[in-house]
**Q** 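Sharing a structure here in structure tokens format.
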2 protein chains.
Amino acid sequence: METRIDRIKKQLHAASYKLTPQREATVRILLDHEEDHLSAEDVYLLVKDIAPEIGLATVYRTLELLTELKIVDKINFGDGVSRYDLRQEGAAHFHHHLVCLECGAVDEIQEDLLEDVEAIVEKRWNFQIKDHRLTFHGICWRCNDLGAEKPENDA
Amino acid sequence: METRIDRIKKQLHAASYKLTPQREATVRILLDHEEDHLSAEDVYLLVKDIAPEIGLATVYRTLELLTELKIVDKINFGDGVSRYDLRQEGAAHFHHHLVCLECGAVDEIQEDLLEDVEAIVEKRWNFQIKDHRLTFHGICWRCNDLGAEKPENDA
DNA sequence: TACTATTTAATAATGATTCTAAATAATAAA
DNA sequence: TTTATTATTTAGAATCATTATTAAATAGTA
């Protein structure tokens, strides 16, 4: 976990930004909540616990910076809020999401699954794909058949 | 084009809503700009030309209603604005988008392309898919190789 | 006509995000 | 070191999209 921060620090430096205490605190929160999909406000409230002097605007600026550097991804699930999601290290593409219409849970799919589709799109639409966003809306395994187990999404 | 409005009228009635003059004007604008991806504000400004008394809140309410009835889809490309996109008649799923990072153009893909992926997701993640959102970010055919022709995205 | 429900316009309110100005810290130059 | 320059931060104001409110208008119906 510690090395992860170091690597992010390097990424910042490579783009001639610094890992200020506020930025570090923000990154730490993101690392500690990798599973979640936090809004800027969420992050702000959590960061305040470890760095009480920080301002909301700084959190926004930091998240924007991290988004620019592709360290986090900014997503929007249709409620009025942007959420920020740490990108898997070394991942070329953004991972996918499963949004449950019933309980609101957001699960992640780390596999790409889109290779074939992207090949078609690149060729047929003559479109050079840089990144993608894929979200499925539906009923999750928890709400689907009660008593079901968590599927092995690491297959 | 006229029958299209009639069918939408029926859909409203089926859900016990009426096609008021304001709603009709709004739908007409959407039909006249099917290619575009208008924000609520955009729609408002256009509707005002044919129905000057309409209010912005009414446009919002109408778009929300149409979204509920799956007549339009509400999308968000990351700028702070929601955009509204008329759903292809009879389409079970929302169509995909190609957003050009260079010129900002938004093109549509009407084909599904996701059958295989969805089959995998449904099975492996035990997730009952109701709808999807797929957007590719990259460089469009216009910006890609200058002088290129528009690809036949109707293949 | 009278009653009821729906829809509307206008505007206020809200909530997320961005901007601004002043303060502070870091860095580079002399 | 001292000074100048630049980046970064904070706090709060401002902005922008969206939603809620309220009273009036409209339509549908008994």
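Numbers restart at 1 for each chain; the letters A, B, ... are given by sequence-line order, proteins then strands. Keep in mind that the numbers below use all heavy atoms, side chains included, and drop hydrogens, waters and symmetry copies.
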**Q** Sequence neighbours excluded, which residues qualify as side chain to side chain contact (heavy atoms under 4.5 Å, CB included) partners of B/Leu46?
**A** B/Ile29, B/His33, B/Leu38
**Q** Can you confirm whether A/Ile75 sits close enough to A/Arg133 that some side-chain heavy atom of one is under 4.5 Å from a side-chain heavy atom of the other?
**A** yes
**Q** Return the 5'-most residue of the pair B/Lys18, B/Gly80 with respect to DNA chain D, ranking by each residue's nearest nucleotide.
**A** B/Gly80
**Q** Between A/Asn144 and A/Trp141 (side chain of the first, backbone of the second, donor and acceptor by atom type, cut-off under 3.5 Å), is there such a pair?
**A** no
**Q** Could you tell me whether the side chain of B/Gln22 reaches within less than 4.5 Å of the side chain of B/Thr62, counting heavy atoms only?
**A** no
**Q** Does B/Ser82 reach a base, just sugar-phosphate, or nothing at all? Heavy atoms under 4.0 Å.
**A** sugar-phosphate
**Q** Are A/Val81 and B/Val81 in one and the same hydrophobic cluster, where Ile, Leu, Val, Met, Phe, Trp and Tyr link if side-chain heavy atoms are under 4.5 Å apart?
**A** no
**Q** Could you tell me from which nucleotide to which nucleotide of DNA chain C, 5' to 3', there is an atom under 4.0 Å from chain B heavy atoms?
**A** C/dT6 to C/dT11
**Q** Taking side chain to side chain contact (heavy atoms under 4.5 Å, CB included) as the definition, give me every residue that meets it alongside B/Lys18, ordered by chain and number, with sequence neighbours left out.
**A** B/Thr20
**Q** Within the structure, does a side-chain N or O atom of B/Gln22 lie under 4.0 Å from either OP1 or OP2 of D/dT26?
**A** no
**Q** A side-chain contact here means heavy atoms from C-beta on lying under 4.5 Å apart; do B/Leu114 and A/Leu114 qualify?
**A** yes
**Q** Which of residues 40-49 of chain B have a heavy atom under 4.0 Å from DNA chain C?
**A** none
**Q** Would you mind writing out the side-chain donor-acceptor pairs for residues 90-98 of chain B within the sub-3.5 Å range, not counting sequence neighbours?
**A**
unit_1  : atom_1 : unit_2   : atom_2 : d
B/His93 : ND1    : B/Asp131 : OD1    : 3.4
B/His95 : NE2    : B/Asp85  : OD2    : 3.0
B/His95 : NE2    : B/His97  : NE2    : 3.3
B/His95 : NE2    : B/Glu108 : OE2    : 3.4
B/His96 : NE2    : B/Glu111 : O      : 3.4
B/His96 : NE2    : B/Asp112 : O      : 2.6
B/His97 : NE2    : B/His37  : NE2    : 3.1
B/His97 : NE2    : B/Asp85  : OD2    : 2.9

**Q** Classify the nucleic acid contact of B/Leu56 as base, sugar-phosphate or nothing, counting any heavy atom under 4.0 Å across all strands shown.
**A** base
**Q** Can a side chain N or O of A/Thr20 be found less than 4.0 Å away from OP1 or OP2 on D/dT9?
**A** yes
**Q** Counting heavy atoms not belonging to A/Phe77, are there more than 12 under 6.0 Å from its CZ?
**A** yes
**Q** In the structure I gave you, are the side-chain heavy atoms of A/Arg7 and A/Arg4 within less than 4.5 Å of one another anywhere?
**A** yes
**Q** Where along residues 58-78 of chain B does a heavy atom fall under 4.0 Å from DNA chain C?
**A** B/Thr58, B/Arg61
**Q** Over all heavy atoms of both residues, which pair between A/Ala40 and A/Leu56 is shortest? Give the atoms and the distance, please.
**A** O-CD1, 4.3 Å
**Q** Rounded to whole Å, how long is the line connecting atom CG of B/Leu19 with atom C1' of D/dT26?
**A** 15 Å
